[in-house]
**Student:** 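Provided herewith is a single structure, encoded as structure tokens, for subsequent inquiry.
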Amino acid sequence: MVEESAAERNLAMEAVRVTEATALAASRFLGRGDEQAADQAAVDAMHHALRAIPIDGRIRIGEGAEKEAPKLFVGEKAGTGEGPRVEVSLLPLEGPTIVAKGEPNGLSVIAITSEGGFLDMPEVYMEKIAVGRALPPDIVGLDAEPAKNMRELAKAKGVEVSDLVVCILDRPRHAELIAKTREAGARIMLISDGDVSGVVATIWPDSGVDIYMGIGGAREGVLSAAAMACVGGQMQARLVVRNDDERMRAENCGITDLSRIYTVGDMASGDVTFATTGVTNGAMLQGVRRRHGAAFTHSLVMRSRTGTLHFIEAFHEFARLAGAGGQRT
Ligand code: VTB
């Protein structure tokens, strides 16, 4: 039998089912002040939903090493085992604090690609810069001054620097970046958590975000790159390693050159499917809206093979879902 490749099977709906189930489960913990419970619910739901999809998959970016994470660990099998051989990167809940506080931009995220398509990444920080599609190559750079990046981007988009919106995680470590961005004359959207949403927002004109900059998680970087790979967005990233333990973590992933700048293609290549469902409202997606015994979800799914981007609005009736082998959400 000829093995089916990821490219021949459109996994978009399967991927969305996983993020929908995860978002539904996490949404029960909105504003309850319990990050751990929200995260655990998301991990459990994603683990359950992932088992049912027809892939012969392995987790590449997961919840941690096998000894650290009982579920969704790196190297764990994903899917039914029948279907294309693929690898999976996931963030069941981006991020737990968002949901615990009822803040915006909470997402459930998964990406699937052909074997060898995702870069191994340690759980360390990563410096990132990202812009959307249809822009000249290397229009912005990780090492360029914010003023230059803003000037070039504004020129390419045919707008003034003062029209641009830069999304940045609201952290003390970004004080200088924020100051320089303001000095350059651009506008800023500070977010409390969830930098995947910030990167993904750059691909959609209506999101109001033109560029993402700053230091967030490295795992989040690979998932963001997967999204950018689907639509031709640009991203540059570099690990931020602060101590020996983090250096070891990087080495364990085969990374010794810590100064290396990664592009989208370095982090996510092959036949990529990216799916995300809103847990809370955000720049691109509505959060889960719960009704009596049911809920609405809003998701985005895209594929690098075609560059197509689908928004999926769904209605879920819990009793019927449970009857069909889903989880009670
Ligand atoms: C980001 C963001 C995540 O962590 O990666 C951020 O995308 C970075 O870490 O949602 P710090 O919180 O330590 O600054 C999250 O906020 C989740 O932990």
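Side-chain atoms are counted along with the backbone in the values below, which use heavy atoms only and exclude waters and symmetry mates. Each ligand, and each atom within it, is numbered from 1 in the order the structure gives. Position 1 is the first residue of the sequence; numbering continues from there.
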**Student:** Calculate, to the nearest 0.5 Å, the distance between atoms CD1 and CD belonging to Ile59 and Glu66 respectively.
**Tutor:**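 It comes to 10.5 Å.
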**Student:** Does NZ or CZ of Arg173 come closer than 6.0 Å to the centre of the six-membered ring of Tyr125, within 45° of the ring's axis?
**Tutor:**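 Yes, Arg173 lies over the aromatic ring of Tyr125.
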**Student:** Taking atom 2 (C) of ligand 1 as the point of reference, which of Gly95, Ala218, Gly194 owns the nearest heavy atom?
**Tutor:**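 Ranked by closest heavy atom to atom 2 (C) of ligand 1, first place is Gly194.
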**Student:** For atom 9 (O) of ligand 1, find the nearest protein heavy atom and state the residue, atom name and distance (0.1 Å precision).
**Tutor:**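 Here the nearest protein heavy atom works out to Tyr125 CE2, 3.4 Å.
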**Student:** Would you kindly confirm whether Ile203 and Tyr212 end up in one hydrophobic cluster when ILVMFWY residues are joined by side chain heavy atoms under 4.5 Å apart?
**Tutor:**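 Hydrophobic grouping puts Ile203 with Tyr212.
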**Student:** Do we see a donor-acceptor contact under 3.5 Å between the side chains of Arg51 and Thr80?
**Tutor:**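 Judged by distance alone, the side chains do not pair up.
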**Student:** Is Arg219 reaching over with its side chain to a backbone N or O of Glu123, donor-acceptor style, under 3.5 angstrom?
**Tutor:**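 No.
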**Student:** Report the C-alpha separation of Lys157 and Asp210 in whole Å, then their side-chain angles, then the decisive distance to 0.1 Å, and conclude whether the side chain to side chain contact (heavy atoms under 4.5 Å, CB included) test is met.
**Tutor:** CA-CA 9 Å; Lys157 288 196 156 191; Asp210 296 285; 2.8 Å; yes
**Student:** Under a 4.0 angstrom heavy-atom cut-off, which atoms of ligand 1 come close to Leu169?
**Tutor:**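 The atoms of ligand 1 under 4.0 Å from a heavy atom of Leu169 are 1 (C), 6 (C).
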**Student:** Students should be able to answer this: which protein heavy-atom is nearest to atom 12 (O) of ligand 1, and at what distance?
**Tutor:**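 Here the closest protein heavy atom is Arg171 NH2, 2.9 Å.
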**Student:** If you count the atoms of ligand 1 from 1 in the order shown, which ones are under 4.0 Å from a heavy atom of Glu220?
**Tutor:**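 Reading through ligand 1 atom by atom, the close ones are 3 (C), 5 (O), 7 (O).
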**Student:** Just distances here: any N/O of Ile215 and N/O of ligand 1 closer than 3.5 Å?
**Tutor:**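 Such a contact does not occur with ligand 1.
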**Student:** For atom 17 (C) of ligand 1, what is the closest protein heavy atom, and at what distance to 0.1 Å?
**Tutor:**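 Going atom by atom, the protein heavy atom closest to atom 17 (C) of ligand 1 ends up being Asp193 OD1, 4.0 Å.
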**Student:** Once the angle between the rings of Trp204 and Phe311 is folded into 0 to 90°, is it parallel (under 30°), tilted (30 to 60°) or perpendicular (over 60°)?
**Tutor:**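 Ring orientation, 0 to 90° scale: perpendicular.
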**Student:** In terms of residue, atom name and distance, what is the protein heavy atom nearest to atom 3 (C) of ligand 1?
**Tutor:**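 That would be Glu94 OE1, 3.3 Å.
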**Student:** What's the shortest distance from atom 5 (O) of ligand 1 to any protein heavy atom, and which residue and atom give it?
**Tutor:**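 Answer, as residue, atom name and distance: Gly217 N, 2.7 Å.
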**Student:** Of all the heavy atoms in Arg173, does at least one lie under 4.0 Å from an atom in ligand 1?
**Tutor:**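 Distance cut 4.0 Å: Arg173 passes for ligand 1.
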